[in-house]
Colleague: 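Quick one: this structure, given as structure tokens, is what I'll be asking you about.
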Amino acid sequence: MMLVQRVQNYQKDLYDTMIIPFTTPVTVVSKEIRMLKGHISASSFSGKSQEIYQFTHVDGDKSVNVILLGLGQPEQLKHETIYQVFAKGFSSCRKLQSENAIVFYDNITGEVGNEVIAEKAFEAAYLANYTFEKYKTAKSEKAETRVDFLSKNENLDHALLEAQHCATGTMMARNLINEPPNYMTPSKLAEEAKKVGEEANFNVTVYDAAEIEKLGMNLFLAVGKGSAHQPAFIVMEHFGDPDSDRKVGMVGKGITFDTGGYSLKSEASMTNMHGDMGGAAAVIGAMKVISEMKLKINVVAVVAACENRVSDKSYLPGDIVQSMSGKFVEVNNTDAEGRLTLADAITYLIQKHDVGCVIDIATLTGAVIDALGKRIAGFFTNDSVIRSVMNEASHRSMERIWELPFDDGLRSVIQSDVADLKNSAFGSNKGGYAIVAALFISEFVENRPWVHLDIAGTSWSTEELDDCPKGGVGYGVRLLYHVVKILERDQV
């Protein structure tokens with residue numbers, strides 16, 4: 001458990017670690033750390049961006065860990081820098097197994113009072129201390145960590161509140177992703193969504209297979225019918241502006257395990273496929289934050305949760321299935337399953353809730369990793385206004401995105417000889433597979449403003465990061481929250 005708070009008084013006997021941020025040139029601003037001035041001056045620490053210097057200070061019979069953080073030039077101080085540097089600092093703090101740390105936040109010169117910048121430092125404190133040890137019998141010996149930010153600026157309290165909700169929403173999403181597939185089945189994901197809805201005060205309705213069939217969501221059902229675990233359609237509603245008919249629609253891909261179906265994945269590709277519901281985790285986490293922050297806007301988020309397995313009931317390459325929209329889809333690749341579930345989920349949002357715009361987020365294609373790596377998500381949009389919103393939200397959330405282009409020349413790849421559409425580019429040598437996936441989904445958005453986020457690379461980390469261990473990243477929670485916050489602000 002992590003406790004992060006702003007304090008106004010320094011009680012030196014309380015802390016085992018001191019974290020001191022500096023811009024350049026290195027200047028001791030906070031009177032509480034002037035006793036360290038000589039040691040800091042004698043060190044090689046210069047305060048340049050991303051620099052960290054660590055030493056032990058002995059004061060009488062007590063020793064204290066001291067971590068100096070370099071932020072660089074004050075006029076170039078950005079919340080991105082703040083987040084990255086503080087994440088490194090708190091990562092070091094975690095390795096020291098600190099129980100009580102204090103951050104001398106007022107020692108920063110420049111835009112120290114900026115709430116947006118402060119929020120990133122607070123988020124880093126939470127996220128850098130995340131662990132997932134539920135299934136370890138020998139857990140790390142770690143007591144509750146307390147991090148106090150020493151600052152006289154009361155304006156930072158709202159930033160701390162927002163950071164707390166954004167970080168806890170992200171960590172909840174990480175937990176959902178990290179759960180093994182024998183636990184995180186579609187029904188269990190629905191249970192977790194209900195639990196979050198009760199705690200954060202938003203509505204959750206879950207439809208079972210019979211109800212999904214009545215809705216005509218046949219693409220979704222086709223993907224899930226090979227599993228003994230029944231599909232679940234999760235609908236989450238936040239009514240922050242009950243006097244308005246305007247609604248934002250969000251869709252998260254919720255494949256709780258993906259074998260690829262009869263288009264079977266390789267063993268290496270299948271290992272982490274319990275993380276194929278990273279989009280679902282993101283929208284559940286985002287709904288938690290949106291509701292807890294009481295945004296005055298209406299949001300409907302949906303997850304078509306199912307497993308893509310192989311059995312005598314599984315759908316087959318060559319099947320033709322009618323979507324909820326009425327369009328017929330030829331399945332030429334059962335491992336292109338996510339876009340099928342997204343198509344029906346988007347149609348549901350449009351037909352049943354008349355949403356004004358749609359944002360879908362999915363671990364969809366390996367091709368986006370080839371294009372952008374594992375630190376940047378690809379996005380596609382058909383609307384210039386929502387494009388600006390996405391870019392601003394990315395800047396605010398620190399979750400990086402890059403717009404990829406539509407290429408109508410690739411539409412021929414998903415044209416079928418026997419149906420309205422094919423679900424993948426299987427058999428084509430034209431490439432552009434992330435684009436092809438987006439083009440398929442675009443066939444179901446009915447000209448609504450729409451964004452498709454492909455988070456196949458950013459949702460899961462194969463290496464330990466300063467702000468996240470190996471495993472689920474929870475990518476998208478903060479991005480989606482800031483998207484909705486901007487839509488609330490701008491009334492678009």
Colleague: Which atom pair, heavy atoms only, marks the closest approach of Ser394 to Arg400?
Modeller: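 It is OG-CA, 3.6 Å.
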Colleague: Taking the side chain as every heavy atom from C-beta outward, state whether Ile359 and Leu480 have any pair of such atoms under 4.5 Å apart.
Modeller: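 Touching, per the 4.5 Å side-chain cut-off.
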Colleague: Should Thr205 and Tyr207 be marked as a side-chain contact (heavy atoms from CB on, under 4.5 Å) after you check the CA-CA gap, both sets of side-chain angles, and the distance that decides it?
Modeller: CA-CA 7 Å; Thr205 304; Tyr207 295 96; 4.0 Å; yes
Colleague: Hey, is the main chain of Ala456 close enough, under 3.5 Å, to the side chain of Asp454 for a donor-acceptor pair?
Modeller: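 It does hold such a pair.
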Colleague: State whether Glu464 and Arg94 are salt-bridged, where the test is any N-O pair (Lys NZ or Arg NE/NH1/NH2 against Asp/Glu carboxylate O) under 4.0 Å.
Modeller: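 The answer is yes: the pair qualifies as a salt bridge.
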Colleague: What residue among Arg309, Lys253, Lys225 forms salt bridge (Lys or Arg N to Asp or Glu O under 4.0 Å) with Glu337?
Modeller: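 The salt bridge (Lys or Arg N to Asp or Glu O under 4.0 Å) with Glu337 is passed solely by Lys253 among Arg309, Lys253, Lys225.
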Colleague: Given 3.5 Å as the limit, does a donor-acceptor pair link the side chain of His165 with the main chain of Leu160, or not?
Modeller: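 Absent.
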Colleague: Can a donor-acceptor pair be found, under 3.5 Å and without considering hydrogens, that links the side chain of Asn298 to the backbone of Asp241?
Modeller: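 Side chain of Asn298 to backbone of Asp241: a pair is present.
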Colleague: Would the number of heavy atoms belonging to other residues, nucleotides or ligands and lying under 6.0 Å from CD of Glu267 be above 12?
Modeller: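 Counting other residues, nucleotides and ligands, CD of Glu267 stays at 12 neighbours or fewer.
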Colleague: Yes or no on side-chain contact (heavy atoms from CB on, under 4.5 Å) for Phe440 and Ile435, after CA distance, side-chain angles and deciding distance?
Modeller: CA-CA 9 Å; Phe440 178 87; Ile435 299 172; over 6 Å; no
Colleague: Using the rule given for side-chain hydrogen bond (donor to acceptor under 3.5 Å, both in side chains), can you reason through Ser263 versus Asn333, listing the C-alpha separation, both sets of side-chain angles and the distance that settles it, and then say yes or no?
Modeller: CA-CA 6 Å; Ser263 302; Asn333 183 355; 3.2 Å; yes
Colleague: Provide the full list of salt bridge (Lys or Arg N to Asp or Glu O under 4.0 Å) pairs with a residue in residues 80-90, sequence neighbours left out, each pair given once.
Modeller: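 Those involving residues 80-90 do not exist here.
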Colleague: What heavy-atom pair brings Ile346 and Val251 nearest, and what distance separates the two atoms?
Modeller: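 Looking at all heavy atoms of both residues, the shortest contact is CG1-CG2, 4.0 Å.
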Colleague: Does the plane of the ring in Phe233 sit parallel, tilted or perpendicular to the ring in Phe220? Use 30° and 60° as the thresholds.
Modeller: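 Geometry flag for Phe220 against Phe233: tilted rings.
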Colleague: For the residue pair His274 and Asp276, establish whether any side-chain heavy-atom pair is separated by less than 4.5 Å.
Modeller: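 Of all side-chain heavy-atom pairs linking Asp276 with His274, none is under 4.5 Å.
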Colleague: Any luck finding a side-chain donor-acceptor pair between Ser291 and Asn201 under 3.5 Å?
Modeller: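 Short answer, no.
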Colleague: Residues in side-chain hydrogen bond (donor to acceptor under 3.5 Å, both in side chains) with Asn178, at least two apart?
Modeller: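 With neighbours one apart ignored, the set is Tyr130.
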Colleague: Going by an N to O cut-off under 4.0 Å, is there a salt bridge joining Glu162 and Arg478?
Modeller: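 No, this pair does not count.
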Colleague: May I ask you to say whether Asp258 pairs ionically with Lys265, meaning some side-chain N is under 4.0 Å from a carboxylate O?
Modeller: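 Here Asp258 pairs with Lys265 in a salt bridge, since their nearest N and O are under 4.0 Å apart.
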Colleague: Is Leu487 close to Ile386 at the side-chain level, that is, under 4.5 Å between some pair of heavy atoms?
Modeller: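 Yes; the side chains approach each other to less than 4.5 Å.
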Colleague: Can you find a side-chain donor-acceptor pair between Ser323 and Asp344 that sits under 3.5 Å?
Modeller: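 On atom types as modelled, these side chains do not qualify, holding no pair under 3.5 Å.
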Colleague: With a 4.0 Å cut-off, would you call Glu198 and Lys195 a salt bridge?
Modeller: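 No, no charged N to carboxylate O under 4.0 Å.
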Colleague: Whether Glu443 and Lys327 form a salt bridge (side-chain N of Lys/Arg under 4.0 Å from carboxylate O of Asp/Glu) is what I want to check.
Modeller: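 Between Glu443 and Lys327 there is a salt bridge, with a charged N closer than 4.0 Å to a carboxylate O.
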Colleague: Can you check whether Met398's main-chain N or O pairs, donor with acceptor, with His482's side chain at less than 3.5 Å?
Modeller: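 Here the side-chain-to-backbone pair does not exist.
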Colleague: Between Glu179 and Lys134, does at least one N-O distance fall below 4.0 Å, as a salt bridge requires?
Modeller: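 Looking at Lys134 together with Glu179, the answer is yes, because their closest N to O distance falls below 4.0 Å.
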Colleague: After noting the C-alpha distance and the side-chain angles of Ser459 and Ile177, does the key distance pass the side-chain contact (heavy atoms from CB on, under 4.5 Å) rule?
Modeller: CA-CA 9 Å; Ser459 181; Ile177 297 167; 4.1 Å; yes
Colleague: Quick one: do Arg387 and Glu392 make a salt bridge, cutoff under 4.0 Å?
Modeller: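 Judged by the 4.0 Å cut-off on N to carboxylate O distance, Arg387 and Glu392 do not form a salt bridge.
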Colleague: Could you check whether any side-chain heavy atom of Leu71 comes within less than 4.5 Å of a side-chain heavy atom of Ile82, counting everything from C-beta outward?
Modeller: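 Yes, their side chains come closer than 4.5 Å.
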Colleague: Will you find, in the side chains of Lys430 and Ser412, an N or O donor that is under 3.5 Å from an N or O acceptor?
Modeller: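 Yes, because at least one side-chain N or O of Lys430 sits under 3.5 Å from a partner of the opposite role on Ser412.
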Colleague: Side chains of Tyr481 and Cys166, heavy atoms from C-beta outward: is any pair under 4.5 Å?
Modeller: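 Yes, their side chains come closer than 4.5 Å.
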Colleague: With a 4.5 Å limit on heavy-atom distance, are the side chains of Lys374 and Glu463 in contact?
Modeller: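 No, side chains not in contact.
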Colleague: Is Glu488 salt-bridged to Lys485, going by a charged N under 4.0 Å from an acidic O?
Modeller: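 No salt bridge links Glu488 with Lys485.
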